[in-house]
Protein chains: 2
Amino acid sequence: MATSEGLEALSGLRGALERSSTAERVADALRERIIDGALAPGARLSEEALGQALGVSRNTLREAFRLLGHERLLVHRFNRGVFVAEPELADVVDLYRVRRALELDAVRRADRAPQGAVARVGAAVEEGEAAAGRGDWWGVGTANMRFHQALAALADSPRTDEVVRRLLAELRLVFHAMAAPRDFHVPYVALNRRIHRLLEEGRLEEAAQELSDYFDVAERQLVEAFSEGAQG
Amino acid sequence: MATSEGLEALSGLRGALERSSTAERVADALRERIIDGALAPGARLSEEALGQALGVSRNTLREAFRLLGHERLLVHRFNRGVFVAEPELADVVDLYRVRRALELDAVRRADRAPQGAVARVGAAVEEGEAAAGRGDWWGVGTANMRFHQALAALADSPRTDEVVRRLLAELRLVFHAMAAPRDFHVPYVALNRRIHRLLEEGRLEEAAQELSDYFDVAERQLVEAFSEGAQG
DNA sequence: GATCGGTGAATTGTTCAACAATCCCCATGA
DNA sequence: TCATGGGGATTGTTGAACAATTCACCGATC
């Protein structure tokens with residue numbers, strides 16, 4: 001056919017064309033509200049009220065709940081409803097355990113990373129620096145998440161990407177549950193820059209070591225802040 | 001109150017008491033059928049037909065579909081229905097990439113593993129040896145999965161357990177898609193025994209090395225068998 | 001005064017029926 | 001042979017209905 005040439009140029013539009021279900025869009029909206037704190041940990045989500053507010057039926061809303069439940073952002077208590085998850089201390093430790101395994105592995109094999117993957121790490125670093133310059137602490141947190149997502153992407157593994165994305169979303173819940181999340185992220189901007197530089201220079205083992213130290217420090221800090229912030 | 005003492009002894013019953021929803025039970029039933037091959041990769045699951053066969057409504061069935069979709073056992077194509085996933089070569093490689101990261105990490109920190117975790121690895125080894133003795137190749141495969149699940153459990157991390165469980169379930173799909181799955185697992189029974197022995201002796205780095213070699217060999221073998229078995 | 005038990009409203013779990021939107025097959029026509 | 005366009009089948013979504021369960025309230029009992 002005459003139009004066959006240049007067809008591959010349209011392949012980028014595939015994602016945009018894929019219609020998504022109502023349930024998925026509802027899940028996206030809810031995820032946003034949960035992550036930015038509009039829906040606080042522990043809050044109960046009434047099927048009737050929320051469905052009416054969002055203009056969707058209860059069945060559709062329940063599908064969305066299921067999606068977010070599998071991301072551990074919501075917990076589903078049988079016959080009792082769904083609630084925004086309330087991470088505990090054990091969850092913080094567990095999140096870091098898995099992140100350690102996956103992100104460190106990704107960094108160590110960064111030499112086999114796909115084209116442009118390291119550059120995306122750098123972009124996240126700059127985003128963080130810019131936000132820090134503006135004094136936008138929430139923006140710094142977002143950039144930080146993107147930084148670690150980019151680190152995970154070095155593994156060139158869709159499943160790693162997905163798992164890490166879930167872990168990081170859950171981690172944002174932890175920030176809401178702890179005391180003084182405001183200045184948690186800012187100190188790490190410089191470290192991110194250092195890690196990125198090491199990656200660019202191919203000094204992977206050193207980068208992994210820096211990252212490992214970061215995990216130690218951040219986890220300890222988080223555990224402490226969390227113990228203070230939570231009741232108990 | 002007089003009954004407060006010894007209450008914590010009952011906490012183990014919590015799981016057993018939790019009633020499960022119909023959707024979850026349906027998902028369990030379907031998962032079993034998918035894993036044991038009764039529902040072949042690529043098969044389409046009609047909402048109407050399956051709902052009638054299982055005696056549940058379409059809505060409930062759709063909830064079950066969503067659950068299995070997140071385990072990557074089903075793929076949901078919008079407006080087209082759900083199908084049993086058909087893993088490709090890239091999926092095999094990706095599965096092993098993540099398994100490598102998580103299982104190796106778990107083995108390396110086995111010294112901090114919970115009480116009895118190493119023993120459960122041993123139990124899986126013996127289960128495999130028994131099945132091999134009976135010539136029950138499918139049983140050997142099941143024991144092998146349990147072996148690796150037990151390895152992952154050394155990390156003492158609920159999220160690791162869950163991710164690995166999903167990865168292994170998906171891997172069983174790969175076995176159905178490849179040629180000659182019959183004698184794939186049997187050769188590894190002896191290796192499992194060796195790894196368990198190293199774990200018992202606390203020689204963790206050696207155990208990790210054996211496991212790493214296993215991943216190399218198994219992945220290559222699987223990739224080859226898969227290329228032959230699949231059309232292409 | 002604290003505990004126990006029951007009543008009832010509110011919410012969830014599940015089903016059913018309906019309709020719109022979409023896909024896929026197939027016949028039609030050039 | 002290939003494009004075109006129905007038409008049937010299936011999914012997406014809604015709304016209503018009913019059973020099952022939870023929870024808060026309130027009185028009864030010791």
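Letters A, B, ... are given to chains in the order of the sequence lines, protein chains preceding strands, and every chain is numbered from 1.
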Considering all heavy atoms, the nearest L30(A)-F65(A) contact: CD1-CE2, 3.9 Å
- line: Closest to the side chain of S57(A), out of dT15(C), dT14(D), dT14(C), is dT14(D)
message: Output the rounded distance in Å from CG (L50(B)) to P (dT10(D)).
response: 13 Å
- prompt: Does the gap between the ring centers of H148(A) and Y214(A) come in under 6.0 Å?
  reply: yes
field: Phosphate-side-chain proximity, R80(B) and dC24(C), N/O vs OP1/OP2 below 4.0 Å
entry: yes
- prompt: If you check every side-chain atom of N59(A), which of dT14(C), dA17(C), dG12(D) has the closest atom?
  reply: dT14(C)
field: Below 4.0 Å: OP1/OP2 of dT14(D) and any side-chain N or O of R58(A)
entry: no
field: Nucleotide dG13(C), atom C1' - distance to CD of E63(B) in whole Å
entry: 9 Å
message: Nearest whole Å is fine: how far is dT14(C) P from R66(A) CZ?
response: 8 Å
task: Nearest whole angstrom, please: distance from the C1' of dT21(D) to the CZ of R77(A).
output: 15 Å
message: Among dG12(D), dG13(C), dT15(C), which nucleotide has an atom closest to any side-chain atom of H76(A)?
response: dG13(C)
query: Using a cut-off of less than 4.0 Å, is there contact between a side-chain N or O of T60(B) and OP1 or OP2 of dT15(C)?
result: yes
Exercise: do S57(B) and R62(B) side chains pair donor with acceptor under 3.5 Å: no
query: Rounded to whole angstrom units, what separation is found between the CG atom of L45(A) and the C1' atom of dT12(C)?
result: 14 Å
- prompt: Is the phosphate of dT12(C), meaning OP1 or OP2, less than 4.0 Å from a side-chain N or O of R44(A)?
  reply: yes
task: Could you tell me whether the phosphate oxygens of dT13(D), OP1 or OP2, come under 4.0 Å of any side-chain nitrogen or oxygen in T22(A)?
output: yes
- prompt: Taking all atoms of both residues into account, what is the closest heavy-atom pair of E127(B) and R146(B), and its distance?
  reply: OE1-NE, 2.9 Å
message: So G51(B), base contact, sugar-phosphate only, or nothing? Heavy-atom distance under 4.0 Å.
response: nothing
Nucleotide dT10(D), atom P - distance to CG of L61(B) in whole Å: 14 Å
- prompt: Looking at dT14(D), dG13(C), dT11(D), which one has an atom nearest to any side-chain atom of E47(B)?
  reply: dT11(D)
- prompt: Is the backbone of R112(A) close enough, under 3.5 Å, to the side chain of D156(A) for a donor and an acceptor to pair up by distance?
  reply: no
message: Tell me the interatomic distance from Q52(A), atom CD, to dA10(C), atom P, rounded to whole angstroms.
response: 15 Å
Whole-Å gap separating P (dT10(D)) and CZ (F83(B)): 12 Å
